[in-house]
Amino acid sequence: MVNFREIEKKWQEVWEKEKVFEADVDSSKPKFFITFPYPYVNGAPHIGHGYSFLRTDAYARYKRMRGFNVLFPQGFHATGEPIVGVWERLRNNDEKQIATLKKSGATDEDIERFKETPENIVRFWMKRWMEDLKMVGASIDWRRTFVTTTMTLQYSRFIEWQYNTLRKRGYIKKGTHPVIWCPHCESPTGDHDRLEGEGESPVDYVLIKFRLVDEDAFLVAATLRSETVFGVTNIWVKEDADYVKARVNGEVWIISKDAVPKLADQLKEVEVLEEIKGRDLLGKRCANPVNGKHVPILPADFVDPSNATGVVMSVPAHAPFDYAAVMDLLKDRDKLVRYGVSADELEPISLIDVKGFGKLPAKEIVEKTGIRSQTEKEKLEEATRKLYKNEFHLGKLKETCGEFAGMKVSEVKEKIAEWLKERGYADVMWECTGRVVCRCGTTCHVKILKDQWFLAYSDEDWKRKVIEHIKRMKFYPEDVRQQFINTVEWLKDKACVRKTGLGTPLPWDKEWIVETLSDSTIYMAYYTIARIINERKIEAEKLTDEVFDYIFLGKGNANEVAKNSGLDVETLEEMRREFEYFYPVDLRNSGKDLVQNHLTFYLMHHIAIWDGMPEKWPVAISVNGRVMVEGEKMSKSKGNIIPLRNLVEEFGADPVRLNIVCSAEGMEEADWRVENIKGYVSRLEYLDGLVESLNAMKGKSVTNAERYLNSKLQKMIIEVTNAYEEMKFRTAITHVLFYGVNHLKWYFRRVGCIERANREVVERFLKAVIKMLSPIAPHFSEEMWHRMGESTLIVRESWPEADESLINEKAEVLENYLESLMDDINSVVRLVGAKPEKVKVYVASQWKRDVYALVLQKKEEAMKIIGNDDRFAEVRTKAIELAKNLLKKYYELEKTILLQEDELAILEEAREFLEKELGCELEVMKEEDASSTRASKAMPMKPGIEVV
RNA sequence: GCGGGGGUUGCCGAGCCUGGCCAAAGGCGCGGGGCUUAGGACUCCGUGGCUUAGUGCCUGCGUGGGUUCAAAUCCCACCCCCCGCACCA
């Protein structure tokens, strides 16, 4: 049994002592700069982090062996809200929060310290992360580590420089923007901050103003279908709901009471003048702004006063809810009389021609679905969705729609809304697409934030540059390229500042903090100089914008910059050299969930900051899928989030690395399954055993078995190298550990016993296998390497190279031949049922091989040739028959055909092996020399068999 | 809705781009043999159905069509599943 834990500790110490992962400027070697996004440190690393991280680590280790000077640094991230959230909960002695932290290993003392300041929480988790990463064998240059936020003032300076630069270049602007807002917390409510309403987003309603007849007030109806304004028959309000008359931007509006705070948050001045009830409005009339028609105000139960203005315009021809409500009302003649409305007035007005529907689509669909009244909410919603989809995509406006007649709904929708607004007939109101409740329990609404700072991601010129670069970059896997392009195309301006949380204040407007995704876009550049800053404890004040301009952009004169900043010239030049040498980032690896945000921003910002310097732009991005645990999604509620540390303690780092890194490829979801570990471990143990018995191998001869093993090795090296290059670690390890071990097993079976194995050949094979294993199972490989008598460190060794002259197709064919022969004999033996005394093997005669070869090479022509060729004179009939069969079966296959002498030779060479396997004597005969009818079954590659 | 990725034999997963040694790699599981006092480990054999002295046939790679001498692989339509859609790390 291999003691993985023991081996790991030993080699981790050696690596650290030898500083093998510390990368310095070295112009004699090509550099490779690889990064893994800095993790947000509010918890311990789990298996999900492990997957992405270990893939990165494996690639770093691979590249090191390929002769690159690999820089693999790791920083940590604490910008933003969640840590502050934890801190606040702790200060409130939140039991749940305390329990969670304790479960992750925090002591009572730790908790007390956490309460003091959020920075203590950061420090705690950062330490834990570093320990855990070291534990799994991370090959990081730790001299360059830092944590974001004002805990690293130098980094804050770097962020300031970035934002100053972006602003100078016109990539930052002020703007207004609708967000879902919690009036209690006074902050935007992101998806993850919601108790209810995940996935809901702001949507803009058109508010159409219906002037009350004989009154200086507007009844303001909210609609998502302003194109139906031409077909309004009446207005709906809810009878017992609260409404108000309010002065809104100088006009008097009648809207629901709930709408008041919302409009007030949407850059409108709202002053409530009078509170009324819905019923106070019933029976009154108001004018449709588009045609002046006076329509009645009527009651409907389906109206929701908490949605938009709580006033709805009724279009019974095209809105199922309206149609149902009208029907309900028509059943109650008394009411109609009371409100002074005639049934004729409520006759639906047809507006839209839709394929598949008649004049009154809403009526049709309501009747077809069997809806009886407006109370059947779900059915009505479904009907509305269906009808709207049809009308939007297929509908055309009819002549009732004035100047818009004949146009497609999908094309004209926006235009009508604009047209209404321009004439002062309409306004806008934002509302959530569904109910959203904040974590604090408050119902949210949409607020329009004004004077926010935005990154001008909608800038077409910026986008174009980025897309062009994306087209040139390398992606792993290739599929994500298109996703990046799509993301950039879809990008809109992005708010880049917040009021709360940890982070760097915006340099020119300090009441804002640079938002977290926006501050982590080009920090990889900071790694290049972080070592110098850390080691020489360079003060933040010395890192002026001028300094950064010099280091990163090559602007200015070193002496002058040094003088102005107080830095010494050497340090400044050294930082510049580090950056120049290591930049750009050659590979950034992360989970695919970051494509739509961080990774795209990463590209956007690099191209903005290093404008016109494509040699500093990211070279490649690699993306992997998420991680499942035992086939299930990881989630807090399932409690199946496994800390990386626990796994390492239980199974050892290398088994964990293999099991997770090789569990998926490309963008597939990785699945952590404990049962798979033993497959890897058993192969490692096989290799371990083989290393142990290397000394017992005394064989010197080179038979086909050795040629075979050599040949397989060369092919394996090529295969595995290609796989590593493309980050296809599972493919690589399948070849190394499973196919590779299977080849070894076959080899030892062939030679019969350890003593007869050719040590030189086996050792060469083993060493290559171990090297190719080492990026993923580095500790085990290091151990084996030394056990094989090597004194160098395998992490510093060079990658194996294939010797193509050792590729021997024939040797492989011969071994396959033996294997399939064994198969065939076994089948016969099994059918016979008895243990054989003797097995006779009849080798096909040469003429059959000729036929075979002809058929394979010439296909259709073969028949003719056989008919004319002298070689087949004696066996012509048989040959033609054989050719027919072969043609039928092998239409276009290529297959190596052995000569008769080849077959005889290999059977002789492997006689001992075959007899041992069969447990009886073997007799080999040429087909033409045998009398048995079984002999005629002989085929090239498939001898006739007779069991006695 | 928009965009991206998928559906393969008990399971996990290769293969599909570049059609044909594909009843479909490898692993796991399961069944049997060997080794062993036994178990484990290891090792060998088997693992769609029928059939057969090593063979042949049928069914088969989400569903239904098509192209082809030949399709898991190419084309078309459909069904189903997963992920992202921002001010959040």
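Order of the sequence lines sets the chain letters (A, B, ...), proteins ahead of strands, with each chain counted from 1.
Distance CD (A/E668) to P (B/G5): 13 Å, rounded to an integer number of Å. To the nearest angstrom, C1' of B/C12 lies 14 Å from CD of A/E665. The nearest whole Å value for the distance from the NZ atom in A/K916 to the P atom in B/C35 is 14 Å. The distance between atom CG of A/L737 and atom P of B/A25, rounded to the nearest whole Å, is 20 Å. Between A/N659 atom CG and B/G26 atom P the separation is 20 Å, expressed in whole Å. To the nearest angstrom, P of B/G1 lies 13 Å from OH of A/Y388. Between the P atom of B/C87 and the CD atom of A/E81 lies a distance of 12 Å, rounded to the nearest Å. A/E200 has its CD atom 13 Å from the P atom of B/C87, to the nearest Å.
Residue A/P943 is in base contact, counting any heavy-atom pair closer than 4.0 Å across all strands shown. Among the protein residues, A/V829 comes within range of no part of the nucleic acid, since none of its heavy atoms lies under 4.0 Å from any strand. Residue-level contact check: A/L517 touches the bases, meaning some heavy atom is under 4.0 Å from a base atom. Contact annotation for A/N742: backbone-only contact, meaning every heavy-atom pair under 4.0 Å involves sugar-phosphate atoms and none involves a base. Nucleic acid contact class of A/T79 (heavy atoms, under 4.0 Å, all strands): sugar-phosphate only. Looking at heavy-atom distances under 4.0 Å, A/Y680 makes no contact with the nucleic acid at all. Within 4.0 Å of A/G631, counting heavy atoms only, lies no atom of the nucleic acid at all.
Considering only side-chain N and O atoms, A/K633 lies under 4.0 angstrom from the phosphate OP1 or OP2 of B/C83. Taking only side-chain nitrogens and oxygens, A/K937 never comes nearer than 4.0 Å to OP1 or OP2 of B/U55. The shortest distance between the side-chain N/O atoms of A/K942 and the OP1/OP2 oxygens of B/U55 is below 4.0 Å.
Within the 3.5 Å criterion, the main-chain N or O of A/F454 finds no donor-acceptor partner in the side chain of A/D493.
Residues from residues 482-490 of chain A with heavy atoms under 4.0 angstrom of RNA chain B, sorted by number: A/Q483, A/N486, A/W490.
When each of A/D479 and A/P188 is assigned the nucleotide of RNA chain B bearing its nearest heavy atom, the one mapping closer to the 5' terminus is A/D479. Residue A/G679 is the one, among A/G679 and A/M939, whose nearest nucleotide of RNA chain B lies closer to the 5' end (criterion: closest heavy atom).
In this structure, A/L898 CG and A/M941 CE are separated by 4.5 Å, a value rounded to the nearest 0.5 Å.
Side-chain atoms of A/T35 and A/R588 form a donor-acceptor pair, as typed in the model, at a separation below 3.5 Å. A/E903 and A/Y817 share a donor-acceptor pair across their side chains, judged by distance under 3.5 Å alone. Residues A/S52 and A/S590 have side chains that never bring a donor and an acceptor to within less than 3.5 angstrom of each other. Looking only at atom types and distance, the side chain of A/S932 has a donor-acceptor partner in the side chain of A/E946 under 3.5 Å away. Checked by atom type, the side-chain pair A/N486/A/Q482 shows a donor-acceptor distance below 3.5 Å. When only modelled atom types and interatomic distance are considered, A/E515 and A/S518 share a side-chain donor-acceptor pair under 3.5 Å.
A/V203 places none of its side-chain heavy atoms less than 4.5 Å from the side chain of A/W430.
Nucleotide B/C42: paired with B/G34 (Watson-Crick or G-U wobble, both distances less than 3.5 Å). Using Watson-Crick or G-U wobble geometry with both donor-acceptor distances under 3.5 Å, B/C85 finds its partner in B/G1. Pairing for B/C28 is with B/G10, a Watson-Crick or G-U wobble pair whose two hydrogen-bonding atom distances lie under 3.5 Å.
Annotation: B/C35 and B/A70 have their C1' atoms spaced 48 Å apart (nearest Å). Comparing B/C28 with B/C44, their P atoms are spaced 12 Å from each other, to the whole Å. Annotation: B/U52 and B/G62 have their P atoms spaced 33 Å apart (nearest Å). For the P atoms, the distance linking B/U43 with B/G56 amounts to 32 Å, nearest Å. Between B/A14 and B/G27, the two P atoms lie 15 Å apart (nearest whole Å). B/G54 and B/G46 have their P atoms separated by 15 Å, given to the nearest Å. One P atom belongs to B/G64, the other to B/U8, and the distance between them is 16 Å to the nearest Å. Rounded to whole Å, the separation between the P atoms of B/C79 and B/U63 comes to 15 Å.
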Please write out the pairs of protein N or O atoms and N or O atoms of nucleotides 39-48 of chain B separated by less than 3.5 Å, giving the distance to one decimal.
{"from": "B/U43", "atom 1": "OP1", "to": "A/K745", "atom 2": "NZ", "distance (Å)": "2.6"}

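Minimum atom distance to the side chain of A/T734 is reached by B/G26, of the listed B/A14, B/G26, B/A53. Listed nucleotides B/C87, B/G54, B/G26 differ in distance to A/F454; the shortest reach to its side chain belongs to B/C87. With B/G54, B/C28, B/C87 as the choices, the nucleotide that has an atom nearest any side-chain atom of A/R683 turns out to be B/C28. Closest approach to the A/E669 side chain among B/U55, B/C82, B/A53 is made by B/C82 (side chain taken as heavy atoms from C-beta onward).
Among all heavy-atom pairs drawn from A/G501 and A/V84, the shortest one is CA-CG2, 4.0 Å.
The number of heavy atoms from other shown groups lying within 6.0 Å of CD (A/E478) is above 12.
The cationic group of A/K173 does not satisfy the cation-pi geometry with A/W453, failing either the under 6.0 Å distance to the six-membered ring centre or the 45° limit from the ring axis. Under a cutoff of 6.0 Å and an axis angle of 45°, A/R481 and A/F475 do not form a cation-pi pair.
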